Asks: 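Once you've had a glance at the structure underneath, I'll fire off some questions.
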Amino acid sequence: MTVEDVSAGPLIGVLALQGAVAEHAAALQASGAAVRIVRRPEELDGLDGLVVPGGESTAMARIAAPVKMFEAVREHREAGLAVFGTCAGLILLAESVADAQALEGFERIRGLDVVVRRNAYGSQLNSFTTKLPVQGIGEPDRPLEAVFIRAPVIEEIRSADVDVLAEAQGRPVAVRQGRLLAASFHPELTSDYRLHQYFVGLATS
Ligand SMILES: NC(=O)CC[C@H](N)C(=O)O
């Protein structure tokens with residue numbers, strides 16, 4: 001279902017270790033990007049941006065370890081690759097995880113100067129959807145529908161370079177730091193792709 005065609009626009013990878021891969025690919029294509037499914041470090045070469053989907057951060061960390069995938073993403077990020085982490089992807093991008101026991105001994109991508117706590121909104125049963133005003137995605141009068149599934153909470157922002165784009169329940173839930181974008185929720189699960197469009201714009205800027 002994914003098509004890689006560099007003439008079609010910016011080339012965005014979707015990290016496909018586990019989680020909501022197909023939905024992100026569809027959202028990116030609908031946002032004007034060509035999409036590459038990324039499973040191996042060498043598939044990061046030539047990308048304008050990379051989406052790290054939601055799913056289960058501990059599973060992704062285990063799958064990534066043998067091929068040193070997160071080390072490779074980190075190197076590309078340090079060289080300027082734009083990265084969009086959603087839910088588990090936010091956990092993997094965060095510099096610090098408050099309850100990191102389950103991830104101990106595993107590499108993460110890091111780079112986003114925030115502290116997150118996993119599953120802080122409760123279990124699967126406490127998953128919820130809310131309408132969120134999000135800065136910078138256009139149509140300020142039309143909030144984004146945001147789906148939270150065992151979502152991480154952003155407990156602390158540790159750098160003035162981190163901009164809060166959206167808040168829910170008094171906490172930041174979408175943030176941007178330079179070429180990094182992250183959300184606690186799942187923007188790929190609705191048909192409102194404004195956050196993906198924002199990322200495609202960020203990746204090509
Ligand atoms: N929907 C999600 O990505 C949930 C994240 C998951 N709770 C984790 O810790 O990785």
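It should be emphasised that the depicted structure is a prediction, and the values quoted were computed from it without experimental measurement. Both ligands and their constituent atoms are indexed starting at 1 by order of listing.
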Asks: Kindly say whether Arg40 contributes a backbone atom to a donor-acceptor pair with the side chain of Glu43 at under 3.5 angstrom?
Replies: yes

Asks: Is the closest basic N to carboxylate O distance between Glu75 and Lys68 below 4.0 Å?
Replies: no

Asks: Could you see if Leu195 belongs to whatever hydrophobic cluster contains Leu189? Use Ile, Leu, Val, Met, Phe, Trp, Tyr and a side-chain cutoff under 4.5 Å.
Replies: no

Asks: Under a 4.0 Å heavy-atom cut-off, which residues neighbour ligand 1?
Replies: Gly54, Gly55, Glu56, Ser57, Cys87, Ala88, Ile91, Arg118, Asn119, Ile149, Arg150, His186

Asks: I need the minimum non-hydrogen distance between Ser57 and Ala88, along with the two atoms involved.
Replies: N-CB, 3.7 Å

Asks: Indicate whether the side chain of Asp113 and that of Gln177 have a donor and an acceptor atom separated by less than 3.5 Å.
Replies: yes

Asks: Ring centroids only, cut at 6.0 angstrom: are His186 and Phe148 within range, meaning strictly under it?
Replies: no

